[in-house]
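The next block holds one structure in the form of structure tokens; read it before the comments.
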Number of protein chains: 2
Amino acid sequence: MTDVVTPPTSPVSRERSKEIKRLSVISAARQVRVLSRAELTELTGLSPATLTPLVRDLIAEGYLIERGPGASRAGRPRAMLEFNPRAELVAAVSLEPSRISCEIADSDGAVVAHRTVRLTGDIVDLICTAVPDLAGDGLPALRGVAIAAPGVSSGGAVRLAPSVGLVEGRPIGESVRQRLGVPVVVDNDVNLMAAGEHAAGAGTDVADLLLLHVADGIGAGLVLDGQVRRGSGGAAGEVGFLPLDPADQGHDGIGPFEARWSESAIAEKVVSLAPGRRPGSPVRALVDLAAADDRAAAYLDEVLAAWSRLIVSCACVVDPGRVLLSGAAAELDDTAVDRLQALVSAAAPSPTEVRRAVLGDRAVLHGAVSYALSAAAAGLSTLLPAP
Amino acid sequence: MTDVVTPPTSPVSRERSKEIKRLSVISAARQVRVLSRAELTELTGLSPATLTPLVRDLIAEGYLIERGPGASRAGRPRAMLEFNPRAELVAAVSLEPSRISCEIADSDGAVVAHRTVRLTGDIVDLICTAVPDLAGDGLPALRGVAIAAPGVSSGGAVRLAPSVGLVEGRPIGESVRQRLGVPVVVDNDVNLMAAGEHAAGAGTDVADLLLLHVADGIGAGLVLDGQVRRGSGGAAGEVGFLPLDPADQGHDGIGPFEARWSESAIAEKVVSLAPGRRPGSPVRALVDLAAADDRAAAYLDEVLAAWSRLIVSCACVVDPGRVLLSGAAAELDDTAVDRLQALVSAAAPSPTEVRRAVLGDRAVLHGAVSYALSAAAAGLSTLLPAP
DNA sequence: GATAATTCGTTCGCCGTAGGAAGGAAGTGT
DNA sequence: ACACTTCCTTCCTACGGCGAACGAATTATC
């Protein structure tokens, strides 16, 4: 947010307020899906007289579709308007080690088109050709692009915030924004997952949540007051570095906690408990194993205890109220989650609910949708004077 | 924030936009203190024509005071306007075990009047008579009341968020608001300190910070993106409960970490190192002692190591970028702070600056001022459509 | 020292928008 | 069929933002 020259535009210029009204209506419609003009006056507070031309415009632009008359107890039936999710498209680009996957989704998070491209040449070029190509006719409806950089879960080169920042700072994000002309957000995938679960998953009913993603590393995405919080250096959620046990040691960009309790660390142990090929889902394998094997059960207890201390730590610092288990942690079965919950409740200073994330792979996509849609509205936040 | 019936007022009604402009100007003036109308056009983006009547109003209301002409290189000299801090007063009420202290401050945080009252009868009555009484003529300028409930630092009955919530929920805050007719914020004192340091202390230049307050308990106040974050249950910053060492055990509402590393725990140890009366400032005493006594030096090392792990834990979860030492932790001398900084830098996943808080006792007051002033502007946040 | 140049602030007036009021539209109840 | 209710639209007015012209107060220049 390098305040370049801060174009000193009036806080309440005409276009501004018009834009605000538009967004009020659109966001109300997006939530309610099918509604009448009368409901819009209630929801937005705008007068019917103001709404008439506004709605007309929105219908013309395809945001709203006029449907037949709705039910009415008495009087003229309300002419129903349906929100058209296809009116707003977003692109979600996921950077992976050797390829990028690119999806176009409507504002429901329904995938309209997707493609995977091998990583050759310039990333920016790749994105800037793939996205318009995929969007096709829908390109004018594109509202934003969200780029998920491999964060914690990669375990590879691009790992800590500073290096993600390298991608985030100007190079990719700003270049793509300039070439496509829409807002672009670059963030690590765990943050996007957290945003996704908040927008469309297991966190729609709360304003705060923490998504704990266990993979080769361990990372968390933090939503506070409805917004993803990245911290000052973008390193919020680097919970793999928590110093929860003096005995544990991290190394080479691997935090002390995740060195011992990440999916890969667990996988090794599972192999030693049940020799054979490294299982694809070591945590699930461990849960299964624990049913019959005492040593596995004991180790599972250890894992749960460790994870619970991690969760409690987060609860102490930010009190998210709800913790979502993602990645390998989502492989726990109900009883294991219950036990984890019990451990957390016993030690956390405030009620903290532990449950599994529900979106799985689609979390990043939904997060991207949510980012891109709110990025469109973000221009407005300039409106409020700084306290 | 019980959304009562959501008064469906238009997002961009005329009065609203007028109010926004007013606040834009006021907030610009508050920051710059002395400025001309020309500077206001630059800062707010409003046209000179719009400003003329607005400034006239503000002068009439006492927000701005016309001063003589300012310097000018060429052309007509700018007529300077000075922001009048007395135009906005706030009350800061601090609840203590057996009394309440009440201060009226202007928006600079300068105390205009103060009084301490023994806690007799109904708290709400007490506050609602003391505040108007203290404010006197200035009552119409009262913009808000901030009530600091003894949080972590009390070590007594009112300790965890739920119990503070008891005070916070309806009883006190809402009653006072209704009787005085101004916004009221109730929060624990550590949060207020964090807000104060952010607004007027060692954190004015950053958007994120964590204030670590060591007293009988250990608590933290968290500012992220310029706002105090309380978490879902108001228990954010309960870092005394961090499970950083399996050996430590909490009890009776005392967290495991603070049981061992709080000011009172340190005081005991200091007494055992240098028999005598319990020192008033045990940490300072320890620092002094460590200069000459090897055992004290070793123990100081332990304390610093423990605190550093606490700070690192916070850095992992929220990455505040800056940590302010408050309460007993602010008694460390420069070399001790430097060593703490080194320990933190070695283990934190992102750069984290450790320094002492600067406001001391006045932090709560400044926090109250900042709360009350932003509460006045808070009505505006309704303006933006939810994403 | 007069005149030009420059910068500030204000007044005027146009335009666009918000929203009140009234009226038409399209149903339900009696 | 008639009143009644509710919804939506059109007309109209009032008001606020801001462009433009103007007056004010100083410095630079000849």
Side-chain angles (χ1 to χ4, degrees), chain A residues 7-25 28-29 32 34-60 64-82 383 385, chain B residues 7-25 28-29 32 34-60 64-82 383 385:
Chain A
T9 167
S10 163
V12 210
S13 67
R14 280 191 219 294
E15 314 88 53
R16 265 289 168 66
S17 60
K18 206 167 181 179
E19 193 67 13
I20 293 176
K21 283 185 302 179
R22 274 178 58 93
L23 284 174
S24 299
V25 173
V32 186
V34 171
L35 37 56
S36 69
R37 291 169 176 78
E39 288 173 84
L40 275 177
T41 63
E42 289 170 24
L43 290 172
T44 63
L46 284 82
S47 74
T50 312
L51 275 171
T52 295
L54 219 174
V55 168
R56 196 174 7 237
D57 287 355
L58 290 177
I59 290 177
L64 296 175
I65 302 171
E66 199 141 27
R67 294 294 182 206
S72 74
R73 299 182 310 289
R76 174 177 175 175
R78 8 186 86 176
M80 303 310 280
L81 303 168
E82 185 179 345
L383 192 145
Chain B
T9 167
S10 162
V12 209
S13 67
R14 284 194 212 290
E15 313 91 53
R16 264 287 167 66
S17 60
K18 207 168 180 179
E19 192 68 13
I20 293 176
K21 282 186 305 179
R22 272 179 59 91
L23 284 174
S24 298
V25 173
V32 185
V34 171
L35 36 57
S36 69
R37 292 170 176 77
E39 289 173 82
L40 276 177
T41 63
E42 288 171 23
L43 290 172
T44 63
L46 284 86
S47 75
T50 311
L51 275 171
T52 294
L54 219 174
V55 168
R56 196 172 11 234
D57 288 354
L58 290 176
I59 290 177
L64 296 175
I65 303 172
E66 199 141 26
R67 295 294 181 205
S72 72
R73 300 180 311 288
R76 174 178 177 173
R78 10 186 84 175
M80 303 311 280
L81 303 167
E82 184 178 346
L383 191 145

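Naming: A, B, ... by sequence-line order, numbering from 1 per chain.
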TODO: Under the side chain to side chain donor-acceptor pair (under 3.5 Å) rule, collect the residues that match up with B:Arg67, sequence neighbours excluded.
DONE: B:Glu82
Open item on the list: I need the minimum non-hydrogen distance between A:Thr44 and A:Ala28, along with the two atoms involved.
Closed with: CG2-CB, 4.2 Å
- [ ] Using whole Å, report how far CG of A:Leu54 lies from P of D:dC8.
- [x] 15 Å
Task: Interatomic distance where CE belongs to B:Met80 and P belongs to D:dA25 [whole Å] - done: 17 Å
Task: Student check: side-chain heavy atoms of A:Leu54 and A:Leu46 closer than 4.5 Å - done: yes
TODO: Take atom CG of A:Leu51 and atom P of D:dT6, then tell me their distance rounded to the nearest Å.
DONE: 19 Å
Task: Rounded interatomic separation in angstrom, taking CD from A:Glu66 and C1' from D:dC7 - done: 13 Å
Task: Atom-to-atom span, CZ of A:Arg67 to C1' of D:dC7 - whole angstrom - done: 20 Å
Open item on the list: Less than 4.0 angstrom between a side-chain N/O of A:Arg37 and OP1 or OP2 of D:dT6, yes or no?
Closed with: no
Open item on the list: So, does B:Arg56 get its side chain near the phosphate of C:dT11, meaning an N or O under 4.0 Å from OP1 or OP2?
Closed with: yes
- [ ] Search all heavy atoms of B:Leu64 against all heavy atoms of B:Ala29 and return the closest pair with its distance.
- [x] CD2-CB, 3.8 Å
- [ ] May I have the distance from B:Leu81 (atom CG) to C:dC8 (atom C1'), rounded to whole angstrom?
- [x] 12 Å
- [ ] Can you tell me the distance, in whole Å, between the CG atom of B:Leu46 and the P atom of D:dG16?
- [x] 14 Å
Open item on the list: With a 4.0 Å cutoff (strictly under), does any side-chain N or O of A:Thr52 reach OP1 or OP2 of D:dC8?
Closed with: no
- [ ] Tell me what B:Ala49 touches on the nucleic acid: a base, only sugar-phosphate, or nothing, going by heavy atoms under 4.0 Å.
- [x] base
Task: Rounded distance in Å - CZ (B:Arg78) to C1' (D:dT26) - done: 13 Å
Open item on the list: Please find the pair of heavy atoms, one from A:Leu51 and one from A:Val25, that lie closest to each other, and give the distance.
Closed with: CD2-CG2, 3.7 Å
- [ ] Identify which nucleotide among D:dC18, C:dG9, C:dA26 has an atom closest to any side-chain atom of B:Ala79, counting heavy atoms from C-beta outward.
- [x] C:dG9
Name the pairs: protein N/O against N/O of nucleotides 3-6 of chain C, kept only if under 3.5 Å.
unit_1 : atom_1 : unit_2  : atom_2 : d
C:dT6  : O2     : B:Gly75 : N      : 3.4

Open item on the list: With side chain to side chain contact (heavy atoms under 4.5 Å, CB included) as the criterion, how do A:Val32 and A:Leu40 come out once you've worked through the C-alpha distance, each side chain's angles and the decisive distance to 0.1 Å?
Closed with: CA-CA 10 Å; A:Val32 186; A:Leu40 275 177; over 6 Å; no
TODO: Using atom types as modelled and distance alone, determine if a side-chain donor or acceptor of A:Glu42 lies under 3.5 Å from a backbone N or O of A:Glu39.
DONE: no
